[in-house]
Amino acid sequence: MASSNKELEDFLLSQALELHQRPRVIIEFTKNVGADKIINDIEHFPHFFVLGSIMNQQIVFQRGWIIPYFISELLNGKDFESFLKLDLATTKSIFHEHSLHHFNDKMAFAFHAAIQKIHFEYDNDASNIWTWDEPDCKTVIRRFQEFHRVGQKISTMAVNVLVRDFKLPLPNHRAIDVSGDVHIERVFKRMGLAPRDAKIKEIIEIAQKIYPEYPGFYDSVCWEIGNGWCKPSNPDCEQCPLNGKCPKII
DNA sequence: ATCCAGTCCT
DNA sequence: AGGACTGGAT
C-alpha cells in the first residue's frame, strides 16, 4: 500500500458493509426491468446469470448482461432447453446480425461453449455450479474460470455478486479477490491505495492485505466510484462521495 | 482519427 | 512480457 489513509478506508468499509449486510434486493444489471427480473431469479433461471457474467467484458456492463435475455426473446423461450437448441453457426450469426458485442465471433463461441458445458457438466442446471457438493468460494471461482473466456475478472465478479447481492451462504470469502479491471485499477491508484505503476496483480495483492478475510469486499464500492465519478478523464471529484477523503492522485 | 478492453496466445 | 482481437466511445 502506498500509504495508509484511515479515514478513506473507514469510509470504504462502511459503504461495503452497508451493501453486504442489506437484505437481498433486485439488482439492476441492465436498463430493462424484465431482463433484470430474470437475471435476479437465479433460483429458476441461473443460466441467465452465468451467461450474462461471461458476456460482461470489454463493453458497458448493461450491454453484456442483456445478451442472454435478447437471445431468449429471439428464441421465444427462457428455459435452458431453448438455449441448448442453438448451434454454433446460429449463435454466431445472431451475435453478428445484432452486433451484440465488440467481439462477436469470440463471444458467440463462448456463449455456445458455456451452454454446452452447462449441459454436459452441470446437468442442464447452471445453479449446480454453486450448489453441487456444497462448494466454497474458491471452488466456485475455479468452476467459473473453467468456462471459455472467463478469467480473474469475471470469475471473482460473479462470485462476489452471488455472495454480496444474492446472499448465497458460500464459505471461504478469503478466496474472493477484487476483480482486476480498469475501474478498480484506476480508483485504487487515485485513492493512493496502490502505487501509480502497479500492475493488476499488485492491486489484487494490496486488496488482500487491506481486508484478508474478504479481499473483494471493497470491489463494488470502488467500481461504483470509478463508473460514476472517477472517470478516466475529467473525474467529477466535486460530486464524488470520496471528496475530502481521497488524495486525488491523477 | 485514435484509444481502449479481459482473455488467450505466443 | 507483449500483442491480437474488434467496434463503440471520445
Side-chain angles (χ1 to χ4, degrees), chain A residues 29-32 35 39 49-71 88-89 91-118 121 129 137-138 140-162 175-190 194-208 215-216 218-220 222-237 239 250:
Chain A
F29 291 99
T30 71
K31 291 173 177 167
N32 179 313
I39 301 167
F49 172 71
V50 173
L51 294 169
S53 297
I54 300 170
M55 297 299 107
N56 188 30
Q57 47 183 299
Q58 296 155 299
I59 53 178
V60 292
F61 71 96
Q62 295 97 335
R63 188 173 162 215
W65 281 109
I66 206 162
I67 290 174
Y69 186 79
F70 182 92
I71 292 179
L88 178 58
T91 310
K92 283 193 177 185
S93 66
I94 290 172
F95 270 74
H96 278 108
E97 183 181 346
H98 303 280
S99 191
L100 262 28
H101 202 279
H102 272 197
F103 297 84
N104 286 309
D105 224 57
K106 283 183 151 83
M107 286 304 149
F109 186 91
F111 193 88
H112 178 259
I115 291 165
Q116 298 304 307
K117 185 184 265 298
I118 293 166
E121 297 181 30
I129 294 167
C137 292
K138 187 176 181 181
V140 181
I141 288 169
R142 198 205 67 233
R143 286 176 177 170
F144 267 95
Q145 290 202 19
E146 287 167 354
F147 283 82
H148 276 276
R149 304 210 74 80
V150 175
Q152 199 276 341
K153 189 259 182 178
I154 297 297
S155 59
T156 54
M157 177 209 68
V159 177
N160 230 339
V161 173
L162 289 175
I176 309 180
D177 282 317
V178 289
S179 299
D181 66 9
V182 283
H183 283 314
I184 297 300
E185 180 177 355
R186 187 177 66 253
V187 173
F188 263 58
K189 289 177 180 178
R190 287 186 178 163
R196 295 259 286 285
D197 59 352
K199 302 280 186 289
I200 292 285
K201 187 169 173 289
E202 296 173 65
I203 308 269
I204 292 166
E205 290 167 357
I206 288 164
Q208 289 169 351
Y218 296 144
D219 189 276
S220 178
C222 296
W223 195 92
E224 294 292 344
I225 298 283
N227 188 52
W229 300 277
C230 197
K231 307 282 188 183
S233 55
N234 303 318
D236 188 6
C237 295
Q239 301 298 319
I250 303 293

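In what follows, chains are A, B, ... by sequence order, proteins preceding strands, each numbered from 1.
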When rounded to whole Å, the CD to P distance for the pair A/Gln58 and B/dC3 reads 18 Å
inquiry  = Distance alone, cut at 3.5 Å: any donor-acceptor contact between the side chains of A/Asp177 and A/Gln152?
reply    = no
Taking for A/Lys106 and for A/Ser233 the nucleotide of DNA chain C with the nearest heavy atom, the one nearer the 5' end belongs to A/Lys106
To the nearest angstrom, the CZ-C1' distance between A/Arg63 and B/dC4 comes to 14 Å
To the nearest angstrom, the CZ-P distance between A/Phe147 and B/dC8 comes to 13 Å
message = Is it true that A/Gln145 and A/Ser155 share a donor-acceptor pair across their side chains at a distance under 3.5 Å?
response = yes
Atom CD1 of A/Ile59 and atom C1' of B/dG6 are separated, to the nearest Å, by 12 Å
Nearest-nucleotide check on DNA chain B, A/Pro232 vs A/Arg149; residue mapping nearer the 5' end is A/Pro232
Rounded to the nearest 0.5 Å, the CD1 atom of A/Ile115 sits from the CD1 atom of A/Ile71 at a distance of 7.0 Å
(request) Determine the contact category for A/Ser99: base if any of its heavy atoms lies under 4.0 Å from a base atom, sugar-phosphate if only primed atoms, P, OP1 or OP2 are that close, otherwise nothing. (result) sugar-phosphate
Separation of B/dG6 atom P from A/Phe103 atom CZ, nearest Å, is 10 Å
In whole angstroms, the gap separating C1' of B/dC4 from CD1 of A/Ile200 amounts to 14 Å
### Task
Could you walk me through whether A/Lys231 and A/Asp236 pass salt bridge (Lys or Arg N to Asp or Glu O under 4.0 Å), step by step?
CA-CA 7 Å; A/Lys231 307 282 188 183; A/Asp236 188 6; over 6 Å; no
To the nearest angstrom, the CD-C1' distance between A/Glu185 and B/dC4 comes to 13 Å
Atom NZ of A/Lys231 and atom P of B/dA5 are separated, to the nearest Å, by 13 Å
List the steps and the verdict of ring pair (Phe, Tyr, Trp, His ring centres under 6.0 Å) for A/Trp223 and A/Phe61. CA-CA 12 Å; A/Trp223 195 92; A/Phe61 71 96; 5.4 Å; yes
At a 4.0 Å cut-off to heavy atoms of chain A, the contacted part of DNA chain C spans C/dC5 to C/dG8
### ring pair (Phe, Tyr, Trp, His ring centres under 6.0 Å) between A/Phe70 and A/His98, worked out
CA-CA 10 Å; A/Phe70 182 92; A/His98 303 280; 4.9 Å; yes
Do other residues, nucleotides or ligands put more than 12 heavy atoms under 6.0 Å from A/Lys117 NZ? yes
